[in-house]
Student: 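Take this structure, written in structure tokens, and hold onto it; I'll ask about it next.
Per chain, numbering begins at 1; letters A, B, ... match sequence-line order.
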Amino acid sequence: MAKNVDKLLELLAQAYPEARTELQFRSPFELLVATILSAQTTDRQVNRVTPLLFQHYPTPYALAAADPEDVAKDIAGVGLNRTKARYLVAAARKLVSDFGGSVPDSLDSLLTLPGVGRKTAKVVLANAFSRPALAVDTHVFRVARRLGLSQGRTPEEVERDLEAKIPSTHWIVTHHRLIQHGRRVCRARNPRCGECPLATECTAFLQKTQPKAGRKVENNLA
DNA sequence: ATCCCGAGGG
DNA sequence: CCCTCTGGAT
């Protein structure tokens with residue numbers, strides 16, 4: 001079993017050698033903002049709006065003083081922009097009031113910020129503070145389960161399994177590799193198993209192509 | 001048409 | 001557990 005995990009991680013590394021965040025940022029504050037924006041949107045869309053946004057609001061203090069409606073205009077083009085604009089201003093105010101105007105580097109503190117949930121907090125920890133963190137989003141959840149890395153029913157359970165099976169030094173890069181694989185190949189619907197470099201080690205693929213006798217073939221990998 | 005590199009609130 | 005926010009991608 002551990003052998004299988006090693007093989008999967010090796011194949012993942014070969015397929016996505018330089019996986020990393022595509023978000024553009026120069027400080028923990030910028031990454032926090034970009035990560036909050038990235039929910040339900042592509043990094044590409046986020047990177048399109050952040051330069052002007054950071055020009056207008058370069059610090060938590062500037063953003064805390066902003067009108068959410070003005071912020072919403074700057075981030076038009078990313079989904080959920082009004083909701084996110086409210087989160088951003090509220091989070092900036094909390095940074096100022098509770099954290100001396102800087103981004104905290106602990107999970108519990110990050111989770112107190114409006115608009116910051118477990119996934120966002122872990123992405124900030126990993127990419128802004130180089131802390132081992134394995135954020136389980138929808139892609140990681142689905143891909144990890146298909147590959148057989150976890151049978152967890154909740155993101156927390158999958159997170160626990162992955163953290164147990166993967167050395168902490170590899171959490172960040174593995175997170176990004178699983179996401180890229182989930183987007184490009186191991187899609188939610190119509191996964192491209194035919195071009196998947198992990199197929200030979202994939203639990204879901206093996207069950208699909210070699211179904212147990214007397215059992216109906218699942219046409220949907222899940 | 002349907003779905004997201006989510007989170008807050010009912 | 002469900003819904004909503006909101007716009008681009010497939």
Student: Near DNA chain B, which residues from residues 59-76 of chain A have a heavy atom under 4.0 Å away?
Tutor: none
Student: Do any N or O atoms of the protein come closer than 3.5 Å to N or O atoms of nucleotides 7-9 of chain B, and which pairs are they?
Tutor:
residue: dA7(B); atom: OP1; partner: G117(A); partner atom: N; Å: 3.2
residue: dA7(B); atom: OP1; partner: T120(A); partner atom: N; Å: 2.8
residue: dA7(B); atom: OP1; partner: T120(A); partner atom: OG1; Å: 2.4
residue: dG8(B); atom: OP1; partner: G115(A); partner atom: N; Å: 2.9
residue: dG8(B); atom: O4'; partner: Y87(A); partner atom: OH; Å: 3.1

Student: Atom CG in L178(A), atom CZ in F141(A): separation rounded to 0.5 Å?
Tutor: 13.0 Å
Student: Sequence neighbours left out, what passes side chain to side chain donor-acceptor pair (under 3.5 Å) with S109(A)? Give chain and number order.
Tutor: S106(A)
Student: Which pair of heavy atoms, one from V46(A) and one from A34(A), lies closest together, and at what distance?
Tutor: CG1-O, 3.7 Å
Student: Among all residues two or more places apart in sequence or in another chain, which pass the salt bridge (charged side-chain N to carboxylate O under 4.0 Å, His left out) test with R160(A)?
Tutor: none
Student: Taking atom P in both dG6(B) and dT10(C), what distance in whole Å separates the two?
Tutor: 15 Å
Student: Restricting to side chain to side chain donor-acceptor pair (under 3.5 Å), what partner residues turn up for D137(A), sequence neighbours left out?
Tutor: none
Student: Just call it for R44(A): base, sugar-phosphate, or nothing, with non-hydrogen atoms closer than 4.0 Å on any strand.
Tutor: nothing
Student: For DNA chain B, which residues in residues 167-186 of chain A have a heavy atom at a distance below 4.0 Å?
Tutor: I179(A), R183(A)
Student: To the nearest Å, give me how far apart CZ (R142(A)) and P (dC4(B)) are.
Tutor: 7 Å
Student: If you assign R192(A) and T41(A) each to the DNA chain C nucleotide with the nearest heavy atom, which residue ends up on the more 5' nucleotide?
Tutor: T41(A)
Student: According to salt bridge (charged side-chain N to carboxylate O under 4.0 Å, His left out), who are the partners of R26(A), at least two apart in sequence or on a separate chain?
Tutor: E30(A)
Student: Test of understanding: with ring pair (Phe, Tyr, Trp, His ring centres under 6.0 Å), list the residues that count as partners of Y16(A), not counting sequence neighbours.
Tutor: H181(A)
Student: Return the CZ to CD1 distance between R20(A) and I172(A), rounded to the nearest 0.5 Å.
Tutor: 13.5 Å
Student: Applying side chain to side chain donor-acceptor pair (under 3.5 Å), can you list everything that pairs with R48(A), at least two apart in sequence or on another chain?
Tutor: Q45(A)
Student: Using a cut-off of 6.0 Å, state whether more than 12 heavy atoms not belonging to E18(A) lie near its atom CD.
Tutor: no
Student: Let me know the distance between CG of L80(A) and P of dG6(B), rounded to the nearest Å.
Tutor: 9 Å
Student: Check whether more than 12 heavy atoms from other residues, nucleotides or ligands sit under 6.0 Å from atom CD of Q151(A), and answer yes or no.
Tutor: no
Student: Between dT4(C) and dC3(B), how many Å separate the two C1' atoms, rounded to a whole number?
Tutor: 15 Å
Student: With sequence neighbours left out, write down each residue that passes side chain to side chain donor-acceptor pair (under 3.5 Å) with K122(A), or none if nothing qualifies.
Tutor: E159(A), E163(A)
Student: Nearest whole angstrom, please: distance from the C1' of dG6(B) to the CZ of R86(A).
Tutor: 14 Å
Student: Counting C-beta onward and ignoring hydrogens, is there a side-chain heavy-atom pair between L95(A) and L63(A) closer than 4.5 Å?
Tutor: no
Student: How long is the line joining CD1 of I36(A) and C1' of dC4(B), in whole Å?
Tutor: 18 Å
Student: Need one value for Q40(A): base, sugar-phosphate or nothing, where a base atom within 4.0 Å counts as base even if backbone is also close, heavy atoms only.
Tutor: base
Student: With heavy atoms of chain A within less than 4.0 Å as the criterion, where does contact along DNA chain C begin and end?
Tutor: dC5(C) to dT10(C)
Student: Please enumerate all residues that pass salt bridge (charged side-chain N to carboxylate O under 4.0 Å, His left out) together with R82(A), with sequence neighbours excluded.
Tutor: E69(A)
